[in-house]
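Written below as structure tokens is the structure these notes are about.
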Amino acid sequence: MDVMLILIRIALLGFVCLFLASPGLACGPGRGYGKRRHPKKLKPLAYKQFIPNVAEKTLGASGKYEGKITRNSERFKDLTPNYNPDIIFKDEENTNADRLMTQRCKDKLNSLAISVMNQWPGVKLRVTEGWDEDGHHFEESLHYEGRAVDITTSDRDKSKYGMLSRLAVEAGFDWVNYESKAHIHCSVKAENSVAAKSGGCFPGSASVLLDDGRKKLVQELEFGDKVLAADKEGNIVSSDFLMFIDRDTTTRREFYVFETEKPSRKLRLTPAHLVFVTNNITDSEMTAVFASNVQPGQRVFVVDEALNRLKAVTVERIYVEEYEGSYAPITSQGTIIIDHVLASCYAVIEDHKWAHWAFAPVRLGHALMSLTGLVKERKDLLQSDGIHWYTEVLYRIGTLLLDKNSFHPLGMLQS
């Protein structure tokens, strides 16, 4: 099915939800088990292949090592035993250590166990190594945190391991490596990892430009504010702030930081967020890409205050910093100028145009409220923390209609 038609369906369904559901009700099921997906042909991983194609302990995979967990440590309570009868645990130490893991790892493993039985009737998933308390792995191994498992099939048929790797990817492990002829290595993000939780945002300390020339922190935006954005041609325009699709005042999370040269600007945003770039020095055409895909040497668009227009400037350096609070504002243009740099308001799916289309019902609702004067009445209402219910509706519909690979791996909403 054409992606464009799928996204149109998502937006239409979202439109129905927007006007039939009560705005006071949050939408969204539980952990997401039992979702119907269209069948697709699965391709086994090749020997030594890993997905995603980045190092295990990077932001794009399972994230940084957070320290070894021992039975005497405070974090030991974060490990939970897995007594799933459909999984065989090798348990060489005879201590049940292999059964201990984080909840996220347990969820993914249980999901994989079902896939294995469906793929090969009579065969079970086998875990050869889970949490390690004896120091049998390399330094900073995620086995020491209960975030990694080594797996095989119960029949130890090595011809199945390529497909087993693919099933692990489909089950939602954050990093899967067909690292050995003897087993598959899988790992997950930390429970408190921002990447394990969701989306595309800016830190609350980032600033926007209002159309009257004043600056305002993102966290202080309110209904009725008009901020500077850009239209489809790249012209700077005034745009209504509509809402936050995600608002979190307390969680500390990691942000990509892009530093530009001449003028020096610093844009901070989460990996799954879209930002506009151009690769060619002689070409000013804007392309929206995930922040995690931007490379030094590419150019982003900053405000040339002297000429009141956008200017393509080279990204000189990219690194990661941690900030408290995160905010994902939506404007009527679908773009926003953050810390003098142009960014999309959207994330998770790498298609700004159709993401903007999917939020058409929100823009229509705002227009109707403007006509009736309700925007002024809502100006003093404070949006509560969390992901906006409309965003959850779109995401849930999207996961039913789109292939999992259509989503950024760090942008998946986790219940």
Side-chain angles (χ1 to χ4, degrees), residues 59 194 199-222 225-231 234-242 244-249 251-278 284 286-347 352:
L59 195 60
V194 174
C201 311
F202 308 103
S205 57
S207 65
V208 299
L209 296 171
L210 301 183
D211 65 351
D212 61 7
R214 291 181 297 129
K215 287 185 179 180
K216 194 171 191 178
L217 297 181
V218 171
Q219 64 192 19
E220 295 172 349
L221 282 172
E222 54 190 356
D225 280 341
K226 293 182 179 295
V227 302
L228 293 190
D231 62 17
N235 301 309
I236 296 177
V237 295
S238 173
S239 188
D240 291 328
F241 165 67
L242 305 181
F244 291 112
I245 58 176
D246 193 357
R247 182 178 185 274
D248 186 335
T249 57
T251 302
R252 295 192 66 83
R253 64 181 66 191
E254 292 178 327
F255 293 82
Y256 272 42
V257 182
F258 301 152
E259 284 191 2
T260 67
E261 58 179 18
K262 298 178 184 178
S264 177
R265 296 288 183 253
K266 184 186 288 188
L267 174 66
R268 299 162 292 168
L269 68 176
T270 46
H273 208 100
L274 295 178
V275 61
F276 295 100
V277 301
T278 181
S284 60
M286 297 187 297
T287 303
V289 300
F290 290 130
S292 60
N293 291 338
V294 176
Q295 300 294 324
Q298 289 185 299
R299 298 190 301 159
V300 295
F301 294 86
V302 305
V303 176
D304 184 333
E305 294 179 330
L307 299 176
N308 194 32
R309 63 177 175 81
L310 292 174
K311 175 183 178 182
V313 177
T314 301
V315 176
E316 194 170 41
R317 193 161 76 101
I318 300 175
Y319 53 96
V320 174
E321 286 186 342
E322 192 176 85
Y323 293 93
E324 183 175 89
S326 53
Y327 299 78
I330 287 287
T331 70
S332 55
Q333 284 290 338
T335 62
I336 191 166
I337 292 173
I338 295 279
D339 290 331
H340 291 82
V341 183
L342 178 67
S344 170
C345 290
Y346 308 115
H352 169 84

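Predicted, not measured: the structure shown is a model, and the values here were computed from it.
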Cys345 pairs by side-chain contact (heavy atoms from CB on, under 4.5 Å) with which of Ile338, Leu274, Thr331?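 Exactly one option meets the side-chain contact (heavy atoms from CB on, under 4.5 Å) with Cys345, and it is Thr331.
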
Leu228 pairs by side-chain contact (heavy atoms from CB on, under 4.5 Å) with which of Val208, Asp211, Leu342? Asp211

Nearest 0.5 Å, please: how far is [atom2] in [Y] from [atom1] in [X]?
X: Asp240; Y: Ile330; atom1: CG; atom2: CD1; result: 13.0 Å
X: Lys216; Y: Glu222; atom1: NZ; atom2: CD; result: 4.0 Å
X: Lys311; Y: Arg309; atom1: NZ; atom2: CZ; result: 7.5 Å
X: Ser207; Y: Glu220; atom1: OG; atom2: CD; result: 10.5 Å
X: Leu267; Y: Glu259; atom1: CG; atom2: CD; result: 11.0 Å
X: Ile236; Y: Leu310; atom1: CD1; atom2: CG; result: 4.5 Å

Is the shortest side-chain heavy-atom distance between [X] and [Y] below 4.5 Å?
X: Phe258; Y: Val294; answer: yes
X: Tyr327; Y: Thr249; answer: yes
X: Val313; Y: Arg299; answer: no

Can you name the residues that form a salt bridge (charged side-chain N to carboxylate O under 4.0 Å, His left out) with Arg268, not counting sequence neighbours?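 Residues passing salt bridge (charged side-chain N to carboxylate O under 4.0 Å, His left out) with Arg268: Asp339.
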
Could you walk me through whether Phe301 and Thr278 pass side-chain contact (heavy atoms from CB on, under 4.5 Å), step by step? CA-CA 8 Å; Phe301 294 86; Thr278 181; 3.8 Å; yes

For the backbone of [Y] and the side chain of [X], can you confirm whether one donor and one acceptor N or O come within less than 3.5 Å of each other?
X: Thr335; Y: Ala230; value: yes
X: Ser239; Y: Gln333; value: yes
X: Thr270; Y: Cys201; value: yes
X: Thr260; Y: Pro263; value: yes

Please give me the minimum heavy-atom distance between [X] and [Y], naming the atom from each residue.
X: Pro203; Y: Val218; value: O-CB, 4.2 Å
X: Gln298; Y: Asn293; value: OE1-O, 3.9 Å
X: Val341; Y: Arg265; value: CG2-CB, 3.9 Å
X: Phe202; Y: Ser344; value: CZ-O, 4.0 Å
X: His352; Y: Ala288; value: CB-CB, 3.6 Å
X: Phe290; Y: Pro271; value: CB-O, 3.8 Å

Mind running side-chain contact (heavy atoms from CB on, under 4.5 Å) on Lys262 and Glu316 for me, showing each step along the way? CA-CA 10 Å; Lys262 298 178 184 178; Glu316 194 170 41; over 6 Å; no

Non-neighbouring partners of Glu322 that pass side chain to side chain donor-acceptor pair (under 3.5 Å), sequence neighbours left out: Arg252

Between His273 and Tyr256, does the ring centroid distance fall short of 6.0 Å? no

Could you give me the CA-CA distance, side-chain angles and deciding distance for Lys226 and Leu210, then say whether side-chain contact (heavy atoms from CB on, under 4.5 Å) is met? CA-CA 6 Å; Lys226 293 182 179 295; Leu210 301 183; over 6 Å; no

Which is it for Phe244 and Leu221 under the side-chain contact (heavy atoms from CB on, under 4.5 Å) test, yes or no, and what are the steps along the way? CA-CA 9 Å; Phe244 291 112; Leu221 282 172; 3.9 Å; yes

